[in-house]
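A short write-up of the structure that comes next.
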Amino acid sequence: MTDLVQQPSAGDVTSEPARGGMADHFRDYVRRVRLGDLGSLPIIVGLVFIAVIFQSQNSAFLSSRNFVNLVVQMAGLTTIAIGVVFVLLLGEIDLSVGYVSATASVILARLLLNDWPWYVAVAVGVCVALVIGLVQGLIISKAGVPSFVVTLAGFLVWNGVVLIIIGGLGTVVIQDRTIVGVANTFLPAAVGYAVAAVLVAGYAAVLVLRTRSRARDGLPTAPMSLLGLRIAGLAVLGLGAVYAANLSRGVPLVGVLVMLLLVGWSFVANRTRFGRHVYAVGGNAEAARRAGINVDRIRVAVFMISSTMAALGGIVLASRLRSVDTAAGGGNLLLNSIAAAVIGGTSLFGGRGKVSNALLGALVIASVDNGMGLLGLSSGAKFVVTGLVLLAAVVVDSFSRRGRSQRGMA
Amino acid sequence: MADSPILELRGVSKSFGAVQALTRVDFAVRAGEVMALVGDNGAGKSTLIKCIGGIHPADGGEVRFEDRTVTISSPKDSSALGIEIVYQDLALCDNLDIVQNMFLGRERLSSFARLDETAMERAAMQTLASLSVTTVRSVRQTVAGLSGGQRQSVAVAKAVMWNSTVVILDEPTAALGVAQTRQVLDLVQRLGEKGLGVVLISHNLHDVFEVADRICVLRLGQKVAEFDAAATNQQEVVEAITAGKVEQVPGMATEATA
Ligand SMILES: Nc1ncnc2c1ncn2[C@@H]1O[C@H](COP(=O)(O)OP(=O)(O)OP(=O)(O)O)[C@@H](O)[C@H]1O
Ligand SMILES: [Mg+2]
């Protein structure tokens with residue numbers, strides 16, 4: 001800090017949310033929503049809507065059994081969508097994630113077939129994905145080819161690679177107990193509660209410590225009552241979910257793994273220099289460059305993140321099916337993972353979004369899929385509904401952008 | 001020492017394809033001096049600044065810093081030398097908040113590679129308060145929601161927050177209100193008194209005469225005059241800006257330099 005600027009006489013500039021009670025915070029929230037900063041509001045409304053409709057048609061939708069199924073069904077999609085969120089934050093796109101996930105899982109399956117230990121097989125699959133991301137990222141940033149084209153080429157290439165590796169086998173069955181266990185293990189009731197408790201306690205500790213340190217530095221803080229409410233909210237949600245899961249098979253291990261990924265990547269996005277630079281490049285790449293940020297390096301790293309998360313998602317999907325076949329990575333996996341990020345609230349235009357969007361978006365897509373399945377509707381109907389939900393999400397995004405720009409906020 | 005420039009450009013040229021934006025410009029600023037850079041629209045002022053900032057490095061010529069020849073090929077190089085620049089287009093990220101913008105690329109860290117948000121927020125608030133930027137509702141609001149003048153204030157605050165040796169401001173008061181303009185001009189003077197080299201680009205000659213020690217005039221990418229502010233008047237400077245004698249006609253520059 002330099003002494004060139006005079007010491008402040010009065011700290012008129014404040015950090016919102018202003019010191020104040022719950023009522024002030026609520027008013028502030030309403031004002032932000034009015035300004036078009038909708039946050040997770042539309043998606044939560046949408047989820048309630050989906051739940052009410054499906055539940056009224058088939059009471060099995062909100063059953064414990066179906067809830068556990070849903071968690072397992074959406075795990076792979078959520079994992080891939082986390083990587084997609086990072087790419088979208090840059091204002092780029094990665095069309096290769098579907099077949100990159102399949103490439104990693106088919107490599108894994110082949111290595112397991114040759115009796116390689118599971119951890120080596122996983123490491124090889126993930127490393128291949130890292131290299132794929134590196135190459136695609138380098139071509140995009142150094143050669144200046146749009147990511148759309150480079151990853152479209154990747155889409156074709158990796159699809160081909162999957163088919164070549166599977167060869168005449170058609171289906172590669174996975175028998176390794178650890179890998180199969182990823183998506184097929186359910187925690188004992190007590191362990192489930194313990195995990196939820198640790199998660200809530202960790203959240204509470206972070207929130208309280210952060211508030212304390214802000215208060216110590218004389219910065220405005222949220223009122224304790226609001227913190228209490230947020231912690232209580234998470235506790236009810238977390239313990240409620242565990243309770244619901246425990247009524248049938250218990251909390252799926254893969255659900256916990258996905259939670260860990262979400263927490264870890266949220267930390268990277270919000271609390272590290274790298275994450276800050278990702279948002280900066282997505283917001284204004286030239287400003288980021290002038291601030292001394294190595295924009296190319298950020299781009300390459302983000303494409304490596306998306307490939308790696310695709311590989312992990314592919315392993316989860318393979319574990320659930322206990323096999324990899326020629327259809328792996330195809331179908332609507334790619335479109336669903338991009339749709340999940342967008343429905344969750346990540347802007348296609350770069351710079352705005354959160355890692356947790358992947359979870360909310362995947363929850364919507366998986367719920368629609370699952371609910372339509374329960375109703376015995378055709379996959380045609382599923383596509384139509386998922387497409388309409390995606391359209392609604394993009395329209396909401398574009399309206400909220402317009403709301404902001406009309407008020408000079410975008 | 002007092003007389004040798006802290007930052008000096010010798011014969012710097014820059015062209016964008018067929019457009020010769022700068023032709024063999026000499027430019028120097030000494031420590032403790034406010035150097036004004038004036039010229040009509042398109043004269044090449046911003047281009048000159050961008051050469052110094054490593055945004056688009058010069059095609060030819062020499063950049064010297066503290067009597068050494070330096071190569072500035074990226075923004076990192078120039079900030080490593082202690083050169084801070086407020087660009088005309090401000091270069092802010094709309095999706096980031098004020099604190100995040102002010103510390104962009106130089107974030108402070110605490111344990112476990114975490115961003116030290118409280119330290120950055122406090123420092124940002126202090127700097128803004130010292131510039132009398134009091135109309136901002138919150139330092140945690142995104143820059144997209146600020147008025148043009150508020151954005152400019154943030155960009156200026158961003159540049160003066162560091163221990164720099166040269167501060168360059170490209171039309172920093174163009175969008176500012178009366179009070180904020182006053183503050184920026186005072187700041188410019190104060191930076192000079194503290195021994196920094198200050199470059200101020202402005203179309204407002206009244207402001208220029210108020211704070212500048214010397215005035216450099218660019219016209220059609222060439223330096224046409226340099227004045228001691230105390231020994232000249234607005235009339236003379238205006239003449240140089242509009243009718244200064246250029247030695248080359250733009251467009252024929254390539255043949256002339258070859
Ligand atoms: N990136 C670029 N590509 C092509 N031409 C450019 C570029 N930047 C500047 N120029 C040209 O260089 C010349 C000088 O522009 P510059 O922005 O330096 O002018 P200026 O003196 O800052 O003008 P103003 O007072 O309007 O800001 C202009 O003719 C402009 O068209
Ligand atoms: Mg300019």
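In this text, all values refer to a predicted model and were calculated from it rather than measured experimentally. The sequence lines fix the lettering, A, B, ..., with proteins before strands; numbering per chain opens at 1. All values below come from the heavy atoms of this structure, side chains included, with hydrogens, waters and symmetry mates left out.
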Among residues 275-284 of chain A, residues within the sub-4.5 Å heavy-atom range of chain B, in order of number, are A:Arg276, A:His277, A:Tyr279, A:Ala280, A:Gly283, A:Asn284

Test item: A:Trp265 and A:Val355 side chains (from C-beta on) under 4.5 Å apart, heavy atoms = yes

Assert top hit (heavy-atom pairs under 4.5 Å, partner chain A, pool B:Ser79, B:Gly105, B:Ala157) equals B:Gly105

B:Phe27 meets the ring-ring contact (aromatic ring centres under 6.0 Å, His included) criterion, sequence neighbours left out, with none

Ion pair A:Asp296/A:Arg289, N-O distance below 4.0 Å:
no

Those residues at least two apart in sequence (or on a different chain) that pass side-chain hydrogen bond (donor to acceptor under 3.5 Å, both in side chains) with B:Ser73 are B:Asp77

Most contact-rich option vs chain A, by heavy-atom pairs under 4.5 angstrom, among B:Glu193, B:Glu117, B:Glu107, B:Lys76, is B:Glu107

If one checks every heavy atom of A:Phe267 against chain B at 4.5 Å, the contacting part turns out to be side chain

Across all chains, not counting sequence neighbours, the salt bridge (charged side-chain N to carboxylate O under 4.0 Å, His left out) partners of B:Asp213 are none

Whatever's closer than 4.5 Å to a heavy atom in chain A on B:Leu96 counts as side chain

So, B:Lys14 side chain and B:Cys51 main chain: donor-acceptor pair closer than 3.5 Å or not?
no

Cut-off 4.5 Å, heavy atoms of chain A, and the answer for B:Gln141 is neither

- Query: Taking NZ, NE, NH1 and NH2 as the nitrogens, is one of them in A:Arg214 or B:Glu121 under 4.0 Å from a carboxylate oxygen of the other?
  - Reply: yes

